[in-house]
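All heavy atoms count here, side chains included; hydrogens, waters and symmetry mates do not. Residue indices begin at 1 and follow the sequence shown.
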Amino acid sequence: MPFGADVQPGGGARFRLYAPGAACVELLCPAVGGAHPMQRSREVGEAGDGWFVCDLAHAAAGLRYAFRIDGALVVPDPASRCNPEGVHAASALVDPRAFHWTDGAWCGRPWHEAVLYELHVGCFTREGTFAAAIGRLDDLVALGVTAIELMPVAAFSGRRGWGYDGVLLYAPHAAYGAPEDLKGLVAAAHARGLMVLLDVVYNHFGPDGNYLHAYARPFFHPSLATPWGPAINFDGDGSRAVRDFFVHNALYWVEEFHLDGLRVDAVHAMHDRSALHFADELALRLRAGPGRKGWQMREVHLVLENHANDAARLQRAGDGRARLADAQWNDDLHHAAHVLVTGETDGYYADYAHPHGVADGASTTSRPSSRPVSRRDEGACGDAGAAHVAEAALAHLGRALAEGFAYQGEASRFSGGRARGTPSAQLPPLAFVNALQTHDQVGNRAFGERLGTLADEAGRGAALRALQAIVLLAPAPPMLFMGEEFAASSPFLYFCDFDDELGRAVTAGRRGEFGRFAPFADPALRERIPDPNAPGTFARSRLDWSECERGAHAHALARCRALLRCRASELVPRLAGAASGTWSTPEPGTLRVTWPLGGRCRWHLLARLAPDPGTPSHRSALPGRVVFSSAGAADRLPPWSVHWSVEAA
């Protein structure tokens, strides 16, 4: 790894810093002689000038060190493996070879076996640490989960936060534990057959604790920004070193921490006009590095978040393996399902409350209509009320289940009428991760309500149960957000831990953000939105695991376990050869989807997603052997009922 500090096999350590804006750099090690001048070096090769290097013979693991820029500014190592006192303090030298791994036989799991469980380390347990999370892994195995997806753990300012404002991207956040504790969690997961994926953020740095702007300006695009801060320079002058910094970060997590893959946040916010986009270079480097196939196969997976719905990054090779990314979070499916359960049509949900011209019965060879949204469409949907909203959402859901993206080039109302997405019907369902709840869609609500809370308040619990039976048994890998399996009552709020002026600005900005929405037009209501910086906001977001044993929560957990058992026994053995499906709405409120599976089998869904029963004829036409039915042998399709069958060759 060209960045950061390396303990040398023969003793001592080599320290490197990329600082093209510095005239001189000193290595500060109070325990070993104080200040040590660093020498300019071109040893890193094509990254060019700007590198400073220092060898220290008496350095050993645990040594605290920092860098002094031009005799004034003292900064931590931007590639620090450990920063025990926070992002503004000195870094600690780590020997990555010192940890005793116990997972030597672990080669990962194939992607078609993935059932993901997204968790925030700080809120997953009362202690909020890597070590404490180990105590809950057996619960996840019993649930039927095969992979945990950690929200970002790279060091950020303060003790509390979601992790998307990371500034020391190589250092596990100190409040969660030491690097060895994260490795211990990964080893414990592997011992139980669980994969571990990590959410990484490569489109911006957090607003507090990032010093790169003072001595490494090439890291930032001179004129572009993301919604969260200055854009990263992936294609301008000096961008080779910048790209290397993030590529090596990805390789670092997978190699030194034995992670089974990464989820890359907000690819659409990466500004890159290079011939090879950074996201694609990252995928290729992972495939060629820890994901290469040699004498011992190792499964390494890459999942994207990409609002642009770009199917090119999800293409498959002739053998069905991913060329670049394995999958993408399917926000289209989430949004359509959310509208069906809640009836909400604000913000981006408006795109799923209106039809966009794709007819029922779309097939794997169909292509989307790209006609613009017309005033006639808007008037019809607006005047027809809830029934038309539900029908539009049902069509979007059907297309997302069968073909991946609901928006494959159609005009998006939320995006001002601009076309969104590219054709995805040629992709297998394994190219998409389906979820009813994620940290984004729960935590970005003003009061952090989970979908279960919203469904209960609206008397739509049956609708939510139906959608859960669809998502957990559809061929695309499903993902649960921590606590979803037992209908956790705790909210998941937006929280952070910024000081003084920045903290006040974040709190005011958070509340002001919601002023654009009609329900928050009253300033008094906006003042009730929880303060992100208050310790109590974080505390309220912790899971209460005792709920698993009580009443409706215990019933929800049992139901979720049963669905995942059905998935493991009936679907997963046939999933490797799955292809995109066909969908139709044979009558209002009824959805049918069929997918080809491996072994020339077919997987059928018949669902009544409406508060009234369907006609008898559709139920009798469900082919094959029924593997799940939420309504027994009734002839008519009951309200909010879901039926799955498998048809052998």
| task | Scan side-chain atoms only and decide if Tyr202 and Asn249 contain a donor-acceptor pair under the 3.5 Å cut-off. | result | yes

| query | Among Phe130, Trp545, Phe492, Tyr176, which one satisfies ring-ring contact (aromatic ring centres under 6.0 Å, His included) with Phe124? | reply | Trp545

| query | Going by atom types only, do Asn306 and Asp310 share a side-chain donor-acceptor pair under 3.5 Å? | reply | no

| query | Has Arg126 got more than 12 heavy atoms of other residues, nucleotides or ligands less than 6.0 Å from its CZ? | reply | no

| Between Ser489 and Glu547: side-chain donor-acceptor atoms closer than 3.5 Å | yes

| message | Among His204, His120, His439, exactly one meets ring-ring contact (aromatic ring centres under 6.0 Å, His included) together with Tyr164. Which residue is that? | response | His439

| request: Can you label the angle between the Trp253 ring and the Phe257 ring as parallel, tilted or perpendicular, going by 30° and 60°? | output: tilted

| So is Arg263 actually on top of Trp329's ring, under 6.0 Å and inside 45° of the axis? | yes

| task | Determine the interplanar angle of the Phe495 and Phe538 rings, folded into 0 to 90°, and report it as parallel if under 30°, tilted if 30 to 60°, perpendicular if over 60°. | result | perpendicular

| field | Other residues, nucleotides, ligands: >12 heavy atoms within 6.0 Å of Arg528 CZ | value | no

| Considering residues, nucleotides and ligands other than Arg159, do more than 12 of their heavy atoms fall under 6.0 Å from its CZ? | no

| query | Have Thr438 and Asp440 got a donor and an acceptor in their side chains that come within less than 3.5 Å? | reply | no

